Amino acid sequence: QVQLVESGGGLVQAGGSLRLSCAASDRTFRHYAMGWFRQAPGKEREFVAGITWSGAYTEYRDSVKGRFTISRDNAAGTLTLRMNSLKPEDTAVYYCAVSLGRSSTISPLEREYDVWGQGTQVTVSS
């Protein structure tokens, strides 16, 4: 089964940028939709962005639209989340995930995702 490893988190000042990467252990992930979720302390995990297998379609939660960009490189086996104009409320552990039941559609529901990475911490200071 595909395994996912996130990287790229860190501490950044408000207004700054970070790029998160998610590396898949094998090439099977290229057939499926993928997503980024985040979980802040004391809060439930929430959908951030999703992308179809081909990268042709993407979806974002309203609070990150225009600031975050999700992309994927199936040949390289990587999923990327570029985050600009970061705000303190973006502080969370960020997770990438694969939806093995979807390829050309995107779900914002956590239960639709089957394989998860271990998460990477993003902290935005004010």
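Everything numeric here is computed off the predicted structure, so don't read it as measured data.
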N84 vs S17 side-chain heavy atoms within contact, under 4.5 Å: yes

Linked, directly or transitively: V12 and W36 (ILVMFWY side chains, under 4.5 Å): yes

Shortest non-hydrogen separation from H31 to S103 and the atoms involved: O-CB, 3.2 Å

Flag, side chain of T123 to backbone of L11, donor-acceptor distance under 3.5 Å: no

T91 vs Q121 side-chain heavy atoms within contact, under 4.5 Å: yes

R72 side chain to N74 side chain, donor-acceptor N/O pair below 3.5 angstrom: yes

CG on L79 to OG on S21, rounded to 0.5 Å: 8.5 Å

Minimum-distance pair of heavy atoms, taken over all atoms of D90 and R67: OD2-NH1, 2.8 Å

From CD (E59) to OG1 (T105), nearest 0.5 Å: 8.5 Å

Close side-chain approach of R38 to E46, heavy-atom, < 4.5 Å: yes

Residue pair L81 / V48, side-chain heavy-atom distance below 4.5 Å: yes

Considering all heavy atoms, the nearest D73-F29 contact: O-CZ, 4.2 Å

Distance, nearest 0.5 Å, that separates SG of C96 from CE of M34: 5.0 Å

Shortest non-hydrogen contact from R61 toward F47: NH1-O, 2.7 Å

Minimum heavy-atom distance I51-I70, with the two atoms named: CG2-CD1, 3.8 Å

Single-linkage hydrophobic cluster, 4.5 Å side-chain cutoff, W53 and L4 together: no

Under 3.5 Å: donor-acceptor pair, side chain of T52, backbone of Y57: yes

Cluster check V64, Y113: I/L/V/M/F/W/Y, side chain < 4.5 angstrom: no

L20 and T80: CA distance, side-chain angles, deciding distance, side-chain contact (heavy atoms from CB on, under 4.5 Å) verdict: CA-CA 6 Å; L20 305 184; T80 299; over 6 Å; no

Check: Q13 side chain, S125 main-chain N or O, donor-acceptor pair, under 3.5 Å: no

Gap separating the CZ atom of R111 from the OG atom of S99, nearest 0.5 angstrom: 11.5 Å

For the student: nearest non-hydrogen atoms of T58 and Y60, plus distance: OG1-CE1, 3.5 Å

Hphob cluster co-occupancy, L100 + I106, side-chain heavy atoms under 4.5 angstrom: no

Interatomic distance, K87 atom NZ to S126 atom OG [nearest 0.5 angstrom]: 14.0 Å

Nearest-0.5 Å distance that lies between atom OH in Y95 and atom CD in Q39: 5.5 Å

Any side-chain heavy-atom pair of V5 and Q118 under 4.5 Å: yes

R82 vs F68 side-chain heavy atoms within contact, under 4.5 Å: no

Side chain to side chain, Q3 and V115, heavy atoms closer than 4.5 Å: no

Proximity of W116 and F37 rings by center, below 6.0 Å: yes

